[in-house]
Amino acid sequence: MPARYAIGVDLGGTKIATGITNFSGNILARRFVPTHASEGETAVIARIKESIRHIMDDIDASLEEVAGIGICCPGPLNPETGVVIMAPNLNWSHVPIVSHIVEEFGIPTFLENDANAAALAEKWFGAGQDVDSLLYITVSTGVGGGIILNGDIYRGRNHMAGEIGHAIVQPEGGVQCGCGQYGCLETISSGTAIGREAQNVVAEGGGQRMAELAGGIDGITAKTVADAAAEGDPDAEAILERAFMYLGTFVVSMLNILNVEKIVIGGGVSKLGDNLFEPVRRVVGEKMSDVPAKYTPIVPAETGDNVGILGAVGLVVKSAFRAPTK
Ligand SMILES: [Zn+2]
(Lines give C-alpha, C1' and ligand atoms only; values in the text may rest on other atoms or scores of the structure.)
Protein backbone atom coordinates (compact mmCIF):
# COMPACT_ATOMS: atom_id res chain seq x y z
CA MET A 1 0.00 0.00 0.00
CA PRO A 2 1.50 3.40 -0.91
CA ALA A 3 2.37 5.82 1.84
CA ARG A 4 -0.34 8.41 2.38
CA TYR A 5 0.17 9.55 5.96
CA ALA A 6 2.78 11.53 7.89
CA ILE A 7 3.33 11.64 11.63
CA GLY A 8 4.41 14.74 13.55
CA VAL A 9 5.71 14.83 17.12
CA ASP A 10 5.91 18.14 18.99
CA LEU A 11 8.16 17.41 21.94
CA GLY A 12 7.93 20.04 24.66
CA GLY A 13 9.05 20.32 28.25
CA THR A 14 5.54 19.78 29.63
CA LYS A 15 3.71 17.81 26.94
CA ILE A 16 4.24 15.63 23.91
CA ALA A 17 1.74 16.32 21.11
CA THR A 18 1.57 13.70 18.38
CA GLY A 19 -0.53 13.81 15.23
CA ILE A 20 -1.07 11.81 12.07
CA THR A 21 -2.09 13.63 8.90
CA ASN A 22 -2.59 13.14 5.20
CA PHE A 23 -0.19 14.96 2.86
CA SER A 24 -2.44 18.03 2.85
CA GLY A 25 -1.83 18.50 6.55
CA ASN A 26 -5.32 17.49 7.69
CA ILE A 27 -4.93 16.07 11.18
CA LEU A 28 -6.69 12.70 11.33
CA ALA A 29 -5.81 11.87 14.93
CA ARG A 30 -4.00 13.64 17.76
CA ARG A 31 -2.76 12.67 21.19
CA PHE A 32 -1.34 14.68 24.07
CA VAL A 33 0.61 13.11 26.91
CA PRO A 34 2.63 14.75 29.67
CA THR A 35 6.38 14.69 29.04
CA HIS A 36 7.41 13.94 32.64
CA ALA A 37 10.97 14.92 31.73
CA SER A 38 12.12 14.30 35.29
CA GLU A 39 11.71 10.55 34.70
CA GLY A 40 14.65 10.68 32.28
CA GLU A 41 15.17 10.37 28.55
CA THR A 42 14.46 6.63 28.29
CA ALA A 43 11.00 7.09 29.77
CA VAL A 44 10.29 10.11 27.55
CA ILE A 45 11.40 8.28 24.40
CA ALA A 46 9.20 5.31 25.40
CA ARG A 47 6.23 7.69 25.69
CA ILE A 48 6.94 9.13 22.24
CA LYS A 49 7.00 5.63 20.73
CA GLU A 50 3.79 4.71 22.52
CA SER A 51 2.07 7.91 21.29
CA ILE A 52 3.08 7.12 17.71
CA ARG A 53 1.62 3.60 17.99
CA HIS A 54 -1.58 4.99 19.53
CA ILE A 55 -2.31 7.52 16.79
CA MET A 56 -1.63 4.91 14.11
CA ASP A 57 -4.11 2.62 15.87
CA ASP A 58 -6.59 5.49 16.09
CA ILE A 59 -6.97 5.52 12.30
CA ASP A 60 -5.94 1.91 11.67
CA ALA A 61 -2.80 2.95 9.76
CA SER A 62 -0.02 0.47 9.03
CA LEU A 63 3.67 1.43 8.97
CA GLU A 64 3.74 0.89 5.19
CA GLU A 65 1.20 3.70 4.86
CA VAL A 66 3.31 6.20 6.81
CA ALA A 67 5.86 8.16 4.76
CA GLY A 68 7.84 9.22 7.79
CA ILE A 69 7.98 10.73 11.25
CA GLY A 70 8.95 14.33 12.00
CA ILE A 71 9.99 15.49 15.44
CA CYS A 72 10.37 19.06 16.56
CA CYS A 73 11.70 20.28 19.88
CA PRO A 74 13.63 23.25 21.26
CA GLY A 75 17.28 23.35 20.15
CA PRO A 76 20.15 23.40 19.91
CA LEU A 77 20.02 20.23 17.86
CA ASN A 78 21.54 18.77 14.72
CA PRO A 79 18.95 17.98 12.04
CA GLU A 80 21.57 16.13 9.96
CA THR A 81 22.61 13.66 12.67
CA GLY A 82 19.22 13.64 14.42
CA VAL A 83 20.76 14.46 17.78
CA VAL A 84 19.30 16.83 20.37
CA ILE A 85 22.45 18.56 21.55
CA MET A 86 21.02 20.30 24.57
CA ALA A 87 17.43 20.76 25.73
CA PRO A 88 17.37 22.27 29.22
CA ASN A 89 13.58 21.90 29.56
CA LEU A 90 13.91 18.15 28.91
CA ASN A 91 17.20 17.87 30.75
CA TRP A 92 18.63 16.24 27.59
CA SER A 93 22.19 16.36 26.42
CA HIS A 94 23.32 14.68 23.17
CA VAL A 95 20.29 12.44 22.77
CA PRO A 96 20.16 10.63 19.36
CA ILE A 97 16.38 10.77 19.22
CA VAL A 98 16.15 9.99 15.50
CA SER A 99 18.14 6.74 15.90
CA HIS A 100 15.84 5.64 18.72
CA ILE A 101 12.73 6.21 16.60
CA VAL A 102 14.19 4.63 13.46
CA GLU A 103 15.20 1.55 15.48
CA GLU A 104 11.61 1.16 16.59
CA PHE A 105 9.69 1.93 13.39
CA GLY A 106 12.20 1.63 10.54
CA ILE A 107 10.80 4.53 8.51
CA PRO A 108 12.37 7.92 7.58
CA THR A 109 12.54 10.18 10.62
CA PHE A 110 13.45 13.86 10.77
CA LEU A 111 14.40 16.30 13.53
CA GLU A 112 14.13 20.09 13.53
CA ASN A 113 14.03 22.86 16.10
CA ASP A 114 10.54 24.04 16.89
CA ALA A 115 10.79 27.56 15.46
CA ASN A 116 12.15 26.33 12.10
CA ALA A 117 9.47 23.64 12.04
CA ALA A 118 6.82 26.29 12.73
CA ALA A 119 8.08 28.31 9.75
CA LEU A 120 7.78 25.18 7.62
CA ALA A 121 4.25 24.52 8.95
CA GLU A 122 3.23 27.99 7.74
CA LYS A 123 4.90 27.46 4.37
CA TRP A 124 3.19 24.11 3.69
CA PHE A 125 -0.12 24.37 5.50
CA GLY A 126 -0.61 27.97 6.70
CA ALA A 127 -0.18 31.60 5.70
CA GLY A 128 2.83 30.95 3.43
CA GLN A 129 1.37 28.40 1.03
CA ASP A 130 1.46 30.87 -1.87
CA VAL A 131 5.10 31.96 -1.41
CA ASP A 132 8.59 30.42 -1.59
CA SER A 133 10.24 32.70 0.96
CA LEU A 134 9.09 33.99 4.32
CA LEU A 135 10.28 35.04 7.74
CA TYR A 136 8.32 33.42 10.54
CA ILE A 137 8.38 35.16 13.91
CA THR A 138 6.99 33.54 17.04
CA VAL A 139 6.21 35.81 19.97
CA SER A 140 5.37 33.91 23.16
CA THR A 141 7.25 33.69 26.46
CA GLY A 142 10.33 34.25 24.27
CA VAL A 143 10.85 35.40 20.70
CA GLY A 144 12.02 32.97 18.02
CA GLY A 145 11.95 32.60 14.30
CA GLY A 146 12.55 30.59 11.19
CA ILE A 147 13.58 31.59 7.70
CA ILE A 148 12.18 29.88 4.61
CA LEU A 149 14.15 30.54 1.41
CA ASN A 150 13.41 28.80 -1.91
CA GLY A 151 10.72 26.75 -0.18
CA ASP A 152 13.00 25.24 2.45
CA ILE A 153 14.36 26.05 5.90
CA TYR A 154 17.50 28.18 5.86
CA ARG A 155 19.56 26.73 8.71
CA GLY A 156 22.90 28.43 8.32
CA ARG A 157 26.32 26.89 8.81
CA ASN A 158 25.77 25.70 12.39
CA HIS A 159 22.00 25.15 12.23
CA MET A 160 21.42 28.32 14.20
CA ALA A 161 19.98 30.72 11.64
CA GLY A 162 16.72 32.37 12.64
CA GLU A 163 17.64 32.97 16.28
CA ILE A 164 15.99 36.34 16.03
CA GLY A 165 15.16 36.65 19.74
CA HIS A 166 18.79 37.59 20.30
CA ALA A 167 18.97 40.28 17.67
CA ILE A 168 20.15 43.29 19.66
CA VAL A 169 17.72 46.16 19.19
CA GLN A 170 18.46 48.29 22.28
CA PRO A 171 22.18 47.99 23.02
CA GLU A 172 22.28 50.95 25.40
CA GLY A 173 20.07 51.01 28.44
CA GLY A 174 18.50 47.67 27.54
CA VAL A 175 17.57 44.85 29.90
CA GLN A 176 19.98 41.93 30.23
CA CYS A 177 18.89 38.83 28.31
CA GLY A 178 19.31 35.18 29.30
CA CYS A 179 22.08 35.02 26.67
CA GLY A 180 24.12 37.60 28.60
CA GLN A 181 23.72 40.52 26.20
CA TYR A 182 21.65 43.64 26.73
CA GLY A 183 18.65 44.77 24.70
CA CYS A 184 17.90 41.59 22.72
CA LEU A 185 14.54 41.66 20.92
CA GLU A 186 13.30 39.02 23.37
CA THR A 187 13.90 41.38 26.32
CA ILE A 188 11.43 43.88 24.84
CA SER A 189 8.84 42.14 22.67
CA SER A 190 8.28 38.76 24.38
CA GLY A 191 5.36 37.97 26.67
CA THR A 192 7.78 37.75 29.57
CA ALA A 193 9.17 41.20 28.79
CA ILE A 194 5.70 42.71 28.45
CA GLY A 195 4.72 41.37 31.88
CA ARG A 196 7.92 42.67 33.43
CA GLU A 197 7.51 46.11 31.86
CA ALA A 198 3.96 46.29 33.24
CA GLN A 199 5.27 45.48 36.71
CA ASN A 200 7.79 48.32 36.34
CA VAL A 201 5.04 50.73 35.34
CA VAL A 202 2.96 49.73 38.37
CA ALA A 203 5.98 49.99 40.68
CA GLU A 204 6.37 53.58 39.51
CA GLY A 205 2.76 54.37 40.41
CA GLY A 206 1.03 53.85 37.03
CA GLY A 207 -0.98 51.01 35.56
CA GLN A 208 -3.53 50.77 38.36
CA ARG A 209 -6.05 48.86 36.23
CA MET A 210 -3.44 46.16 35.55
CA ALA A 211 -2.66 45.89 39.27
CA GLU A 212 -6.39 45.51 39.97
CA LEU A 213 -6.89 42.84 37.34
CA ALA A 214 -3.90 40.84 38.59
CA GLY A 215 -4.70 41.27 42.28
CA GLY A 216 -1.36 42.95 42.92
CA ILE A 217 1.89 43.73 41.17
CA ASP A 218 3.36 40.24 41.45
CA GLY A 219 0.47 38.65 39.59
CA ILE A 220 0.88 40.83 36.50
CA THR A 221 1.70 38.95 33.29
CA ALA A 222 1.41 39.66 29.57
CA LYS A 223 -2.13 38.29 29.81
CA THR A 224 -2.99 41.02 32.32
CA VAL A 225 -1.65 43.65 29.92
CA ALA A 226 -3.67 42.13 27.08
CA ASP A 227 -6.86 42.09 29.18
CA ALA A 228 -6.38 45.70 30.29
CA ALA A 229 -5.62 46.80 26.73
CA ALA A 230 -8.82 45.08 25.56
CA GLU A 231 -10.71 47.35 28.00
CA GLY A 232 -8.95 50.36 26.49
CA ASP A 233 -6.58 50.98 29.41
CA PRO A 234 -4.06 53.55 28.09
CA ASP A 235 -1.17 52.31 30.29
CA ALA A 236 -1.54 48.79 28.94
CA GLU A 237 -1.84 50.05 25.38
CA ALA A 238 1.35 52.09 25.79
CA ILE A 239 3.26 49.02 27.00
CA LEU A 240 2.16 46.96 23.99
CA GLU A 241 2.87 49.85 21.63
CA ARG A 242 6.46 50.08 22.88
CA ALA A 243 7.02 46.31 22.74
CA PHE A 244 5.79 46.02 19.18
CA MET A 245 7.38 49.20 17.84
CA TYR A 246 10.70 47.50 18.53
CA LEU A 247 9.43 44.38 16.78
CA GLY A 248 8.46 46.57 13.82
CA THR A 249 11.92 48.13 13.72
CA PHE A 250 13.41 44.66 13.66
CA VAL A 251 11.09 43.67 10.81
CA VAL A 252 12.33 46.68 8.82
CA SER A 253 15.88 45.36 9.16
CA MET A 254 14.88 41.87 8.15
CA LEU A 255 12.94 43.07 5.10
CA ASN A 256 15.99 45.04 4.01
CA ILE A 257 18.25 42.02 4.54
CA LEU A 258 16.11 39.16 3.24
CA ASN A 259 13.49 40.72 0.94
CA VAL A 260 11.22 37.73 1.62
CA GLU A 261 7.71 37.56 0.19
CA LYS A 262 5.89 37.49 3.54
CA ILE A 263 6.36 38.09 7.24
CA VAL A 264 4.28 35.63 9.26
CA ILE A 265 3.84 36.23 12.99
CA GLY A 266 2.60 33.51 15.35
CA GLY A 267 2.94 32.44 18.97
CA GLY A 268 0.63 33.10 21.93
CA VAL A 269 1.31 36.85 22.09
CA SER A 270 0.32 37.28 18.43
CA LYS A 271 -3.26 36.52 19.50
CA LEU A 272 -3.30 40.19 20.58
CA GLY A 273 -4.12 40.86 16.93
CA ASP A 274 -4.25 44.57 16.04
CA ASN A 275 -2.42 45.53 19.23
CA LEU A 276 0.59 43.75 17.73
CA PHE A 277 0.13 44.00 13.97
CA GLU A 278 -0.87 47.67 13.83
CA PRO A 279 2.38 49.05 15.39
CA VAL A 280 4.53 46.60 13.41
CA ARG A 281 2.92 47.58 10.11
CA ARG A 282 2.98 51.27 10.99
CA VAL A 283 6.70 51.24 11.82
CA VAL A 284 7.48 49.43 8.57
CA GLY A 285 5.45 52.08 6.74
CA GLU A 286 7.29 54.89 8.50
CA LYS A 287 10.85 53.62 8.61
CA MET A 288 11.31 51.86 5.28
CA SER A 289 12.32 53.80 2.26
CA ASP A 290 9.93 53.53 -0.63
CA VAL A 291 11.21 50.26 -2.06
CA PRO A 292 8.95 47.34 -3.06
CA ALA A 293 9.88 45.43 0.11
CA LYS A 294 8.04 48.11 2.10
CA TYR A 295 4.77 46.58 0.89
CA THR A 296 5.56 43.02 2.00
CA PRO A 297 2.48 41.46 3.63
CA ILE A 298 2.81 41.10 7.42
CA VAL A 299 0.23 38.50 8.39
CA PRO A 300 -0.85 36.30 11.31
CA ALA A 301 0.16 32.65 11.36
CA GLU A 302 -2.65 30.27 10.42
CA THR A 303 -1.68 26.89 11.85
CA GLY A 304 -2.60 27.89 15.43
CA ASP A 305 -2.19 25.37 18.21
CA ASN A 306 -1.31 22.65 15.71
CA VAL A 307 1.82 24.48 14.57
CA GLY A 308 4.20 22.01 16.25
CA ILE A 309 2.57 18.88 14.87
CA LEU A 310 2.20 20.42 11.41
CA GLY A 311 5.79 21.67 11.41
CA ALA A 312 7.02 18.17 12.20
CA VAL A 313 4.71 16.77 9.52
CA GLY A 314 6.11 19.37 7.11
CA LEU A 315 9.55 17.79 7.50
CA VAL A 316 8.13 14.51 6.19
CA VAL A 317 6.07 16.07 3.43
CA LYS A 318 8.90 18.24 2.12
CA SER A 319 11.14 15.20 1.87
CA ALA A 320 8.41 13.33 0.00
CA PHE A 321 7.70 16.15 -2.47
CA ARG A 322 9.48 19.02 -4.02
CA ALA A 323 8.26 22.33 -2.65
CA PRO A 324 5.40 23.57 -4.80
CA THR A 325 6.30 26.44 -7.09
CA LYS A 326 4.09 29.41 -7.64
ZN1 LIG B 1 19.69 37.45 24.07
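Order of appearance sets the numbers: ligands from 1, and atoms from 1 within every ligand.
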Name each donor-acceptor pair under 3.5 Å that joins a side chain in residues 242-259 to protein atoms two or more places apart or in another chain, with its distance.
from: Thr249; atom 1: OG1; to: Met245; atom 2: O; distance (Å): 2.9
from: Asn256; atom 1: ND2; to: Val252; atom 2: O; distance (Å): 3.2

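- Looking only at atom types and distance, the side chain of Thr303 has a donor-acceptor partner in the side chain of Glu122 under 3.5 Å away.
- Here the CG atom belonging to Leu111 is positioned 10.5 Å from the NE2 atom belonging to His159, to the nearest 0.5 angstrom.
- Applying side chain to side chain contact (heavy atoms under 4.5 Å, CB included) to Cys184 and the options Val143, Ile164, Val175, Ile168 leaves one that passes, Ile168.
- Using a 4.5 Å cut-off on side-chain heavy atoms (C-beta onward), Lys123 and Lys318 make no contact.
- The distance cut-off of 2.8 Å around the Zn ion (ligand 1) captures these protein N, O or S atoms, sorted by chain and number: His166 ND1, Cys177 SG, Cys179 SG, Cys184 SG.
- In terms of heavy atoms, Arg209 sits closest to Glu212 at NH1-OE1, 2.7 Å.
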